[in-house]
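What follows is a short report on a single structure.
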Amino acid sequence: MSVPQSAVVWFRRDLRLTDHPALLAAAQASDHVLGVFVLDRSLWRRAGAPRRAFLAGALADLSDRLDGRLAVLHGDPARAIVGAARHVGAATVHVSAEFTPYGTARDQRVSAALAEHGVGWAATGSAYAVAPGRIRKADGTPYRVFTPFSRAWRAHGWRPPAADAGPIRWLEYDGPHRTRLPEQPSTGTSLPTPTEAAARRRWRAFLDHDLAEYDVHRDRPDLDRTSRMSAYLHLGLIHPRTLLADLGDRRGAGPDRFRTELCWREFYADVLFAEPSSAWESYDPRWAAFPWDDDKARFAAWQHGRTGFPIVDAGMRQLRAEGWMHSRLRMIVASFLVKDLHLPWQWGARHFMDLLVDADVASNNHGWQWTAGSGTDAAPYFRVFNPITQGQRFDPAGDYVRRWVPELRGLAGPAVHQPGRERPPGYPAPMVDHQAERIDALRRYEQIRG
Ligand code: FAD
């Protein structure tokens, strides 16, 4: 009679049961599987309320689908995982590989601790269609520019979704480090439903209604026709390979553009993996000397959507209300912070990490660096977004601004982008003169250009 084998699946940013290569590997190698999640204090503390709430909901959903047997552990991940693996006599701990600076260091520590106790470590798959580190130039170095990376990424291709793992005998756990599922904090924000089924429903609706014209509508916050997959992708409620497989060989500008956007996510993960310090330091070293300002009051006005620039304020208020902001707005408000207020991109990135439900250190911090001009593929520094013309162009009827800035609802049509001198009651005057700040931004840039 063969001895029953058990394995641990340590869920991290892969909170789903379908298209899950690590789960499949565990199910194929073992008779029983213990599913665990570690409530890692150092990550939990850094996550803002929307992300915590979304994570707590996703864990509750996953636990339900494991017949209530998801083991939530607390404490140091190395101790918690070693403790659980030994308690159930697991031969191997299975994970999806992580590539962030924190994730790689943590995994090295945990796998070494497991090895000391004779427990194996198997990393299968990742949160990406192509794992960071795979796409390299002919000379073996990482890409620093998006377009050639995306060409190589498409040429490399990706595997089809993983097969279904079939029925799994989930182990019940009553060992060390066990804790309860986290409470879902109330956030006052309207978050997406945090379940794998909701991710798939949302994706289906996007495929059926919005994909074909994605390239035309993706820049229009008033229309709101993007996929809203970002939070689901971030915590792995759906895998990008599932999306790419559904796109299949659909041709046309909509599907092509969507593939390109998914590729940006993969590119930034790759850049961060190759250059871990770029999470919080400027990728371009010249930027270490940039003469930023240090004005907390101006920062607070930006954070609360009280700059007096309607499109900027609308974006910042959407962020607070939904834990999400349309992509065009992320660029506009980021440009305003670094080029009109001359405040460090890291301040803005930190604020986004606090409030975004899809906060992702690679996409966020490199999105900020792109806008600031300090990152890969930097938007040329002299291209300073004009917050009024950006509003007029991407919210042509002013509907987006009126949705988020109630003080301006009395202004019809595009007039909402330029409320004039007579400000509606309660709405502030513009906090800066954009043209003057633009010149100042360029002058500062000249100082570091070398
Ligand atoms: P769609 O337009 O439907 O795009 C589909 C998917 O492609 C997205 O879900 C996302 O995974 C990926 N994607 C699209 N654009 C980008 C991009 N520029 N960079 C990387 N991936 C992209 N995205 C995050 O997921 N998390 C963040 O924390 C984040 N912070 C950002 C900060 C700034 C300053 C900027 C300029 C961009 C940031 N982005 C971030 C990228 C982008 O704004 C969001 O991915 C997008 O708005 C999410 O909405 P969606 O799912 O409807 O996007």
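Start at 1 and go down the list; that is how both ligands and their atoms are numbered.
Under the 4.0 angstrom criterion, atom 32 (C) of ligand 1 counts as having a protein heavy-atom contact.
Phe299 and Trp347 have perpendicular rings, their planes meeting at more than 60° on a 0 to 90° scale where under 30° would count as parallel. Note: His366 and Tyr283 have perpendicular aromatic rings, judged against thresholds of 30 and 60 degrees for the angle between ring planes.
Separation of the Trp153 and Trp158 ring centroids falls under the 6.0 Å cut-off.
Counting heavy atoms under 4.0 Å from ligand 1, residue Phe206 does not touch it at all. Both the backbone and the side chain of Asp358 come within 4.0 Å of ligand 1, counting heavy atoms alone.
Geometrically, ligand 1 and Tyr268 share no nitrogen or oxygen pair separated by less than 3.5 Å. Among the atoms of Met331, none of the N or O lies under 3.5 angstrom from an N or O of ligand 1. Of the polar atoms of His326, none of the N or O atoms is found under 3.5 Å from an N or O of ligand 1, judged by distance alone. Any N or O atom pair closer than 3.5 Å counts here, and Thr226 shares at least one such pair with ligand 1.
Every atom of ligand 1 is numbered from 1 in the order shown, and the set under 4.0 Å from a heavy atom of Asp360 is 26 (N), 27 (C), 28 (O). Within ligand 1, counting atoms from 1 as listed, the ones closer than 4.0 Å to a heavy atom of Arg265 are 11 (O), 20 (C), 21 (N). Of all atoms in ligand 1, numbered sequentially from 1 with element shown, those under 4.0 Å from a heavy atom of Leu233 are 9 (O), 11 (O). Shown in contact with Ala359 at under 4.0 Å from a heavy atom are these atoms of ligand 1, numbered in order with element: 28 (O). Set against the non-hydrogen atoms of Trp324, the atoms of ligand 1 under 4.0 Å away are 48 (C), 49 (O), 52 (O).
The residue from Ser230, Ala334, Ala362 that puts a heavy atom closest to atom 9 (O) of ligand 1 is Ser230. Around atom 5 (C) of ligand 1, the closest heavy atom drawn from Phe258, Trp370, Trp203 belongs to Phe258.
Checked for salt-bridge contact, Arg200 and Asp19 miss the test: no charged N lies under 4.0 Å from a carboxylate O. Using a 4.0 Å cut-off between charged side-chain N and carboxylate O, Asp395 and Arg403 make no salt bridge. Between Glu275 and Arg144 there is no salt bridge, since no side-chain nitrogen of the basic residue lies less than 4.0 Å from a carboxylate oxygen of the acidic one. Using a cut-off of 4.0 Å between Lys/Arg side-chain N and Asp/Glu carboxylate O, Asp354 and Arg350 are scored as salt-bridged. Ion pairing between a basic and an acidic side chain is recognised when a charged N comes within 4.0 Å of a carboxylate O; Asp246 and Arg250 show no such pairing. In summary, Arg12 and Asp107 engage in a salt bridge, as defined by a charged side-chain N under 4.0 Å from a carboxylate O.
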Chi angles and distances behind the side-chain hydrogen bond (donor to acceptor under 3.5 Å, both in side chains) call for Gln390, Arg328: CA-CA 9 Å; Gln390 286 282 314; Arg328 170 60 43 183; 3.0 Å; yes
Verdict with reasoning, Thr307 to Asp313, per side-chain hydrogen bond (donor to acceptor under 3.5 Å, both in side chains): CA-CA 6 Å; Thr307 66; Asp313 294 340; 2.7 Å; yes
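In terms of protein heavy-atom proximity, atom 3 (O) of ligand 1 is nearest to Ser227 OG, 2.6 Å. Here the protein heavy atom with the shortest distance to atom 17 (C) of ligand 1 is Trp264 CB, 3.8 Å. What sits closest to atom 37 (C) of ligand 1 on the protein, heavy atoms only, is Arg330 CD, 3.9 Å. The single protein non-hydrogen atom nearest to atom 23 (N) of ligand 1 is Ser363 CB, 3.6 Å, given as residue, atom name and distance. Ranking the protein heavy atoms by distance from atom 50 (P) of ligand 1 puts Arg228 N, 3.5 Å first. Among all non-hydrogen protein atoms, the one lying nearest atom 13 (N) of ligand 1 is Glu261 O, 3.4 Å. At the top of the distance list for atom 2 (O) of ligand 1, counting protein heavy atoms only, stands Tyr214 OH, 2.5 Å. From the protein, the heavy atom lying nearest to atom 42 (C) of ligand 1 is Ser327 OG, 3.8 Å.
Considering all non-hydrogen atoms of both residues, Arg51 and Arg46 come closest at NH2-O, 3.5 Å.
Residues that satisfy the salt bridge (Lys or Arg N to Asp or Glu O under 4.0 Å) test with Arg218, not counting sequence neighbours, are Glu261.
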